[in-house]
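Residue numbering restarts at 1 for every chain, and letters A, B, ... go by the order of the sequence lines.
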Number of protein chains: 2
Amino acid sequence: MQRNTKQREAIAACFSAENRPLTAAEVHAFTAKDRPSLGIATVYRTVNAFVEIGMLVPVLIGGTNRYELSAKPRHHHFYCQKCDRAYCLKECTVSKDRLAPEGFTVHDHELVVYGVCPSCRSTSNGKEGE
Amino acid sequence: MQRNTKQREAIAACFSAENRPLTAAEVHAFTAKDRPSLGIATVYRTVNAFVEIGMLVPVLIGGTNRYELSAKPRHHHFYCQKCDRAYCLKECTVSKDRLAPEGFTVHDHELVVYGVCPSCRSTSNGKEGE
DNA sequence: ATCGGTGCAAAGGGTTTGCAGGGTA
DNA sequence: TACCCTGCAAACCCTTTGCACCGAT
């Protein structure tokens with residue numbers, strides 16, 4: 001049975017607040033403001049626990065693992081090549097039929113759009129926080 | 001200027017022979033038959049060099065980095081969740097317009113289909129362990 | 001008082017890099 | 001011969017794990 005701790009609350013809050021796929025490092029950075037002692041290992045363990053209970057789903061884009069709230073309709077993602085942030089896009093527009101040829105069993109699919117996000121485009125900063 | 005070595009030949013041959021995105025570990029395993037002394041570091045360096053000269057392109061799916069020949073028409077990929085192999089699918093069928101909302105600059109996109117490949121489906125071999 | 005959660009540090013995979021020696025041009 | 005390429009090992013980054021302590025129930 002899971003217990004409620006301040007750390008878990010802080011980690012869960014990140015996902016609600018950002019509403020986009022986050023890496024463990026991003027979560028760790030966000031929680032550092034309120035709970036500087038919260039270790040990166042706790043972030044990983046908690047995130048994995050949240051995935052197991054179905055609260056988060058893994059989003060594999062951009063090399064590092066990301067996670068987002070599972071309570072969202074099917075959608076795809078945008079990856080900003082400047083700031084390495086992932087964003088959620090609107091609902092899925094990919095036609096489900098014939099995604100793969102005969103012989104392949106299709107379980108799922110993911111569409112990732114690469115480019116530059118509005119924040120990076122307007123400020124032409126790069127890998128900066130906010 | 002690049003030099004032709006047996007190692008580089010062997011590495012390039014893997015991509016021609018397999019015609020699908022390969023990880024460094026996969027390339028290393030293939031070359032091991034002919035050139036057991038070829039180190040994994042050489043695979044990484046060579047693959048990165050091939051990307052720089054435009055011969056290979058990175059394919060970021062499934063957690064580990066993969067690479068494929070760039071001399072192929074636009075297409076997407078299938079990732080087998082059993083054997084961890086990536087395959088190339090037919091040409092792109094995603095409509096290019098409205099991939100992202102206002103404010104986002106779109107450079108590229110990638111559609112990944114997850115499932116089980118014919119080889120794993122028929123023989124039920126694969127990674128086992130489930 | 002339990003027993004899951006946390007912090008720290010060390011361990012584990014994947015990838016890169018430093019260095020000395022080897023092979024191509 | 002010159003210089004790139006290679007092998008090996010150490011370094012790095014991301015993620016997981018061991019262990020002792022903390023704290024929610």
Look at the side chain of R3(A) and the base of dC3(C), then say whether one donor and one acceptor between them are separated by less than 3.5 Å.
-> yes
Ignoring hydrogens and geometry, is there a side-chain-to-backbone donor-acceptor pair from H28(B) to L38(B) under 3.5 Å?
-> yes
Tell me: [atom1] of [X] to [atom2] of [N], nearest whole Å?
X      : N       : atom1 : atom2 : answer
M1(A)  : dG5(C)  : CE    : C1'   : 12 Å
I40(A) : dC14(D) : CD1   : C1'   : 9 Å
R35(B) : dC8(D)  : CZ    : P     : 13 Å
Q2(B)  : dA2(D)  : CD    : C1'   : 17 Å
D84(B) : dG13(C) : CG    : C1'   : 13 Å
H28(A) : dC14(D) : NE2   : P     : 13 Å
E26(B) : dG14(C) : CD    : P     : 11 Å
L60(A) : dT15(D) : CG    : C1'   : 13 Å

Any side-chain N or O of [X] less than 4.0 Å from the OP1 or OP2 oxygen of [N]?
X      : N       : result
T42(A) : dG7(C)  : yes
Q7(B)  : dC5(D)  : no
N48(B) : dT15(C) : no
T64(B) : dG14(C) : no
N65(A) : dC14(D) : no
R8(A)  : dG5(C)  : yes
T5(B)  : dT6(D)  : yes

Hey, is R66(A) close enough to D84(A) for a salt bridge, meaning N to O under 4.0 Å?
-> no
Any idea how H109(B) and H76(B) line up, ring-wise: parallel (<30°), tilted (30 to 60°), or perpendicular (>60°)?
-> tilted
Identify, between G39(B) and T23(A), the residue whose nearest nucleotide on DNA chain D lies closer to the 5' end.
-> G39(B)
Indicate, with a heavy-atom threshold strictly under 4.0 Å, whether T46(B) touches base, sugar-phosphate, or nothing.
-> sugar-phosphate
Pick base, sugar-phosphate or nothing for L38(B), based on heavy-atom distances below 4.0 Å to the nucleic acid.
-> sugar-phosphate
Go through dG7(D), dG18(D), dT15(C) for me and flag the one nearest to the R45(B) side chain.
-> dG7(D)
Side chain of Y44(A) (C-beta onward), nearest among dT25(D), dC14(D), dT15(C) | dC14(D)
Starting at the 5' end of DNA chain C, which residue's closest nucleotide do you reach first, R66(B) or K6(B)?
-> R66(B)
Under 4.5 Å between side-chain heavy atoms, hopping through other hydrophobics if needed: is there a path connecting I61(B) to L111(A)?
-> no
For Y67(B), the option from V57(B), I11(B), V47(B) that meets side chain to side chain contact (heavy atoms under 4.5 Å, CB included) = V47(B)
Candidate pair R20(A) and E26(A), rule salt bridge (charged side-chain N to carboxylate O under 4.0 Å, His left out), full reasoning = CA-CA 11 Å; R20(A) 60 184 186 84; E26(A) 284 174 327; 3.6 Å; yes
